[in-house]
Asks: 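Below is one structure. I have some questions about it.
Just so it is clear, the values below take in all heavy atoms, side chains as well, and ignore hydrogens, waters and symmetry mates. For ligands, and for the atoms within them, numbers begin at 1 and follow the listed sequence.
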Amino acid sequence: MRHLVFGASGQVGGAIVRELGAMGEAVAGTRHSGSDDRYHKVDITQEASVVEAFSAAKPDLVWIPAALPNVDWCEEHPDDSWAVNVEGPARIMEQARRADIPLVFFSTDYVFDGTHGPYVETDAVRPLQTYGRHKAEAEQQLLQYHGTLVVRPAWIYSGEPMPRNFVFRVLQDLKEGRPIRALADQMNTPTPAGPMVRQAWQAVRDSFRGILHLAGPERLSRLHLVRRIAQLSGYDPDLVQPIGSAALSLPAQRPLDGGLATLFPRYAIYERLEDLDFSKLS
Ligand SMILES: NC(=O)c1ccc[n+]([C@@H]2O[C@H](COP(=O)([O-])OP(=O)(O)OC[C@H]3O[C@@H](n4cnc5c(N)ncnc54)[C@H](OP(=O)(O)O)[C@@H]3O)[C@@H](O)[C@H]2O)c1
């Protein structure tokens, strides 16, 4: 099968390329501002660019991790967020519909308001900020196509040394002695990137369509998570200080009592932070 990954230069896109490549699948990927020349430069806000990517790759399956996922930036640039987070995926979906091939779209736990997590696939969405509203809108548009699988992950991490990986960022701060504060009142279900991709690929092969929550097995606060990262890599967890979200005046409101669970146990993820290979991170 030939896969086309829009946003292969990102954290999730990179995991898709690695996991599928390790299984012997043929994978083509795209980048936007990135410089990795393994990937074709594509702007999903441009129709011609998307059409050209399809003609070049002739995919049997399309993956869409491409997004602007910085919630505060989206709050302050709603038009750009709409162009990339809603219109871009809808444009790709139209090409997938024409080719009659399935697509996997990556959405987010931020479609929920975080008043009573964890949330399952059938819970009503109620986003608190522009980013979540745009992702919820994209879900609605893409689900009009029968070939769409919408994956919702939360707080994605991996063993890759890239700034977009929060485990890597925490370890850099610890290594360089920078003070770390982490939210004690934000709860979520951290999601390991590799297992998430493997479960999404299994769901595609099972012809699962619709919405699927793929998140890790534990729900914990950001503070607890960051202290665990410190402990697992040999640092004193008390170097991480608690802070409440009210003390940070960020542009976008976050879901606090959040996280995801699934109604489909076949796709449950069991790997925890303890199972992560830290060897490339320090
Ligand atoms: N990270 C998380 O914790 C998390 C949690 C829940 C859900 N998600 C969802 O998972 C998906 C992937 O997130 P991520 O962490 O992998 O994000 P990321 O690392 O920021 O990757 C985003 C990708 O989108 C590409 N892109 C941005 N603008 C583009 C444009 N105009 N045209 C084409 N490509 C463009 C980027 O390309 P360049 O880098 O080359 O510019 C990059 O490859 C997103 O849909 C996000 O909503 C992420």
Side-chain angles (χ1 to χ4, degrees), residues 4-19 28-50 52-53 62-74 77 79-92 103-112 114 119 127 129-139 142 149-158 160 162-170 186 188-194 196-197 200 211-216 222 225 252 254-255 258-260 269:
L4 173 58
V5 183
F6 285 92
S9 49
Q11 179 174 216
V12 171
I16 297 170
V17 171
R18 274 192 305 281
E19 294 294 332
T30 79
R31 64 188 157 103
H32 180 235
S33 62
S35 56
D36 188 336
D37 56 17
R38 285 177 300 166
Y39 305 132
H40 195 62
K41 190 169 167 56
V42 169
D43 183 352
I44 63 171
T45 68
Q46 304 300 317
E47 177 83 12
S49 189
V50 170
E52 196 201 317
V62 172
W63 300 75
I64 319 177
L68 289 177
N70 181 326
V71 286
D72 292 324
W73 196 91
C74 290
H77 303 84
D79 294 345
D80 292 330
S81 171
W82 182 265
V84 177
N85 289 329
V86 182
E87 290 178 341
R91 190 169 283 122
I92 297 168
L103 72 83
V104 184
F105 173 64
F106 286 85
S107 185
T108 172
D109 55 305
Y110 276 41
V111 297
F112 296 113
Y119 294 88
Q129 66 309 95
T130 301
Y131 168 72
R133 279 191 292 279
H134 289 178
K135 296 294 278 191
E137 173 65 28
E139 287 184 355
L142 269 63
L149 167 63
V150 169
V151 170
R152 290 188 188 135
W155 283 3
I156 297 165
Y157 65 91
S158 74
E160 294 302 307
M162 61 195 303
R164 288 167 183 176
N165 175 12
F166 70 76
V167 178
F168 177 69
R169 288 201 306 273
V170 167
Q186 193 182 21
N188 213 329
T189 44
T191 306
M196 172 191 68
V197 170
I211 297 171
L212 181 60
H213 287 184
L214 292 180
R222 193 82 178 182
L225 174 66
R254 268 74 169 163
L260 301 172
I269 292 173

Asks: Y131: which residues meet the ring pair (Phe, Tyr, Trp, His ring centres under 6.0 Å) condition with it, sequence neighbours left out?
Replies: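 Applying ring pair (Phe, Tyr, Trp, His ring centres under 6.0 Å) to Y131 gives none.
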
Asks: So, is the end of the R222 side chain (NZ or CZ) under 6.0 Å from the ring centre of F166 and within 45° of the ring's axis?
Replies: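 Ring-cation test returns yes.
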
Asks: Under 30°, 30 to 60°, or over 60°: which ring-plane class applies to H213 and F112, parallel, tilted or perpendicular?
Replies: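 If you compare the ring of H213 with that of F112, the planes turn out perpendicular.
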
Asks: For a distance cut-off of 3.5 Å, show me each N or O of ligand 1 paired with any protein N or O, plus the separation.
Replies:
from, atom 1, to, atom 2, distance (Å)
ligand 1, 3 (O), I156, N, 2.8
ligand 1, 16 (O), Q11, N, 3.2
ligand 1, 16 (O), V12, N, 2.8
ligand 1, 19 (O), Q11, N, 2.9
ligand 1, 19 (O), R164, NH1, 3.3
ligand 1, 24 (O), A67, N, 3.1
ligand 1, 24 (O), A67, O, 3.4
ligand 1, 31 (N), D43, OD1, 3.0
ligand 1, 32 (N), I44, N, 2.9
ligand 1, 37 (O), S9, OG, 3.2
ligand 1, 39 (O), R164, NH1, 3.1
ligand 1, 39 (O), R164, NH2, 2.9
ligand 1, 40 (O), S9, OG, 2.7
ligand 1, 40 (O), H32, N, 2.8
ligand 1, 40 (O), S33, N, 3.1
ligand 1, 40 (O), G34, N, 2.8
ligand 1, 41 (O), S33, N, 2.8
ligand 1, 41 (O), S33, OG, 2.5
ligand 1, 43 (O), G7, O, 3.2
ligand 1, 43 (O), S9, OG, 2.8
ligand 1, 43 (O), G10, N, 3.0
ligand 1, 45 (O), F106, O, 3.0
ligand 1, 45 (O), K135, NZ, 2.7
ligand 1, 47 (O), Y131, OH, 2.5
ligand 1, 47 (O), K135, NZ, 3.2

Asks: Quick one: pull up CG in D37 and CZ in R31 and give me the separation to the nearest 0.5 Å.
Replies: 6.5 Å

Asks: How long is the straight-line distance from CG of D80 back to NE2 of H134, given to the nearest 0.5 Å?
Replies: 10.5 Å

Asks: For R254 and D72: C-alpha separation, side-chain torsions, deciding distance, then whether salt bridge (charged side-chain N to carboxylate O under 4.0 Å, His left out) applies.
Replies: CA-CA 10 Å; R254 268 74 169 163; D72 292 324; 2.7 Å; yes

